[in-house]
Amino acid sequence: MRSRLDDLRNCVSCPRRCRVDRSSGEMGVCRIGVDVPVAYAGLHFGEEPPISGHRGSGTIFFAGCNLRCVYCQNHQISQDFDRQRSDRFPRYTVDDLAGLMLDLQEQGAHNINLVSPSHVVPQAAAAIEAARKRGLTLPVVYNSGGYDSLDALRSIRGLVDVYLPDLKYMDRDLAGRLSAASDYPEAASSAIREMFDQVGELETDGEGVARRGLIVRHLVLPGQLDNSRRCLEFLVGISPSVHLSLMSQYTPQHRARRMDGIDRPLSADEYEEITDFALDLGFENLFIQKLTSQDDYLPDFGRETPFLFRASS
Ligand code: SF4
């Protein structure tokens, strides 16, 4: 019988379509083979309220990424990881990953939150299936940068309950310059349409915790408000009731510290201009951040607990 991991033999799991044989040690852009390095797994309270709830989201942060964002706040695990090489993070087989999901369920997580899964879809899908057979009942959240392949998403229809993608760019030049992915606008817009088709609008339980549906994140970049407007115009065309999380937390990280135009934090005026634009467009479900929270959102994967967030009482 064909295994999901067979897809790694000629990998087109994401829009990069590298066509390398990851099962024989070849590496594509993401630099990840068959066993999956996990940078952090644990309860996380810094996601949107329907994801974190009051008990925390059961996050699994995969190391590596299929994007190369110059400002990535997780660059320690998404890109530097590649330079620092291999045994920095433990590698998980499909069975190990399933066990990790069940551990998070035992810890009381509201959901299993797969963070940056776009380059490990076959492994994550096989792990969800194995965990379901072993008693996993929690909703599964697919928390991606939005650079997802349609085929990969179609292959996980029914396995994912909540999609939580970014929509970073609707500007090809910007996507090429800042994330080395000039096809990002087409890829992400197709991906988000597919996600919405699979799970629809957000449904929550009696405590306001997500059971199913779509939440889209957009990080407002300094000096790039036209790009933000185009992203929001695309999204409102899907539905004004799509849940949109407008993120203000941009601060120059990683290579962005040396790049003109994005080497400064987002200003309060810029963020307000985009939140006003979203309201004028008619978005009915907006998550808005305080600008003072910029530093709170910066993880440090050198610490045992990378996040500053704690459960609210
Ligand atoms: S997941 Fe994407 S980046 Fe990684 S090898 Fe496959 S096609 Fe390439």
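Whatever order the structure lists ligands and atoms in, that order sets their numbers, starting from 1. Nothing here was measured: the structure is a model prediction, and the numbers come from that model.
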Student: Working to the nearest 0.5 Å, report the span between CG of Leu164 and CD1 of Ile51.
Tutor: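 So the CG of Leu164 and the CD1 of Ile51 are separated by 5.0 Å.
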Student: Give the atom numbers and elements of ligand 1 that come within less than 4.0 Å of a heavy atom of Arg17.
Tutor: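 Taking each heavy atom of Arg17 in turn, ligand 1 has 7 (S) under 4.0 Å.
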Student: Under a 4.5 Å cut-off applied to non-hydrogen side-chain atoms, are Gln289 and Tyr271 in contact?
Tutor: yes
Student: Taking 2.8 Å as the upper limit, name the protein N, O or S atoms near atom 4 (Fe) of ligand 1.
Tutor: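 Protein N, O or S atoms closer than 2.8 Å to atom 4 (Fe) of ligand 1: Cys30 SG.
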Student: Verify the distance criterion only: is there a donor paired with an acceptor across the side chains of Ser179 and Tyr184 at less than 3.5 Å?
Tutor: no
Student: Is the closest side-chain donor-acceptor distance between Asn111 and Ser57 under 3.5 Å?
Tutor: yes
Student: Any Lys/Arg nitrogen of Arg229 or Asp171 sitting under 4.0 Å from an Asp/Glu carboxylate oxygen of the other?
Tutor: no
Student: Will you find, in the side chains of Tyr147 and Asp166, an N or O donor that is under 3.5 Å from an N or O acceptor?
Tutor: no
